[in-house]
Amino acid sequence: MRLKFVVAAAALSIGADKPDLLRCNFHRTDACTQSGCRRNSPEFWAEWETGSNVYRRCDKKTCETHIVTISQAANATFLTSAYQVIVARIYPNNYIIEVNTSGWNVFVHRGKCFRPS
C-alpha cells in the first residue's frame with residue numbers, strides 16, 4: 001500500500017529554507033465499511049514539516065513518523081510514502097479533508113490546520 005497526500009499549495013509555503021511545522025487537528029471522521037458508514041470523533045492529528053519530507057500521525061500515546069517523497073503538479077503538492085493509501089487536501093482557508101483506505105474500509109477525516117507558535 002502507498003500513502004499519498006494531495007495538499008493545495010496556496011495554503012502552504014512549500015520549499016522554505018527551514019522546516020515550518022503545520023499541525024492539522026481532525027474534528028470529525030466518517031468511517032465506511034461494506035455495511036454502511038458511521039460518524040465519530042477522531043483521536044489523532046497530523047503534523048508536517050513543510051520544508052522537509054517528515055510527516056507524522058500522532059495520538060495521545062505516540063507519533064508515527066513517515067519519510068515522504070514530495071512532488072508538485074499544477075497547484076498541488078504530493079507526499080508519498082509506503083504505508084497506507086491516504087489523500088489529503090488542505091484548502092487556502094486551512095481546512096483539511098483527508099481520505100484513507102484500508103481493505104474495504106474508507107475513512108474521511110475533516111479538520112483544520114495551523115502553525116503552532
Side-chain angles (χ1 to χ4, degrees):
M1 294 185 147
R2 297 190 57 77
L3 169 69
K4 183 175 264 192
F5 297 90
V6 182
V7 181
L12 304 171
S13 57
I14 306 299
D17 291 337
K18 67 176 192 170
D20 188 12
L21 182 66
L22 186 71
R23 178 177 165 147
C24 301
N25 291 335
F26 298 102
H27 62 265
R28 175 177 147 190
T29 295
D30 294 305
C32 300
T33 65
Q34 288 180 320
S35 60
C37 296
R38 62 180 161 66
R39 183 172 294 169
N40 58 39
S41 298
E43 296 183 5
F44 74 95
W45 63 91
E47 296 177 352
W48 179 38
E49 295 177 13
T50 60
S52 77
N53 62 346
V54 176
Y55 175 81
R56 293 182 198 86
R57 289 181 67 117
C58 304
D59 61 22
K60 294 176 185 175
K61 296 179 184 176
T62 188
C63 289
E64 291 179 350
T65 299
H66 304 277
I67 303 302
V68 294
T69 302
I70 302 169
S71 59
Q72 294 189 22
N75 68 343
T77 300
F78 298 87
L79 288 77
T80 307
S81 183
Y83 290 96
Q84 296 176 329
V85 177
I86 297 178
V87 177
R89 180 160 186 181
I90 301 172
Y91 294 89
N93 62 2
N94 288 330
Y95 281 96
I96 183 171
I97 295 177
E98 179 185 285
V99 179
N100 72 53
T101 61
S102 176
W104 291 100
N105 303 320
V106 177
F107 303 92
V108 180
H109 309 288
R110 292 172 178 83
K112 184 138 187 173
C113 299
F114 64 97
R115 289 184 170 84
S117 29

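In this chain, residues are counted from 1 in sequence order.
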[atom2] on [Y] to [atom1] on [X], rounded to 0.5 Å:
X: E49; Y: D20; atom1: CD; atom2: CG; value: 9.5 Å
X: F114; Y: L22; atom1: CZ; atom2: CG; value: 8.5 Å
X: R57; Y: T65; atom1: CZ; atom2: OG1; value: 12.5 Å
X: R56; Y: C24; atom1: CZ; atom2: SG; value: 13.0 Å
X: H109; Y: I97; atom1: NE2; atom2: CD1; value: 12.0 Å

Nearest heavy-atom neighbours spanning V54 and W48 = O-CD1, 3.0 Å
Do the non-hydrogen side-chain atoms of T62 and E64 ever get within less than 4.5 Å of each other?
-> no
Kindly list each side-chain donor-acceptor pair under 3.5 angstrom involving residues 35-47, sequence neighbours excluded, with atom names and distances?
unit_1	atom_1	unit_2	atom_2	d
S35	OG	T33	OG1	3.0
R39	NE	D30	OD1	3.1
W45	NE1	E47	OE2	3.2

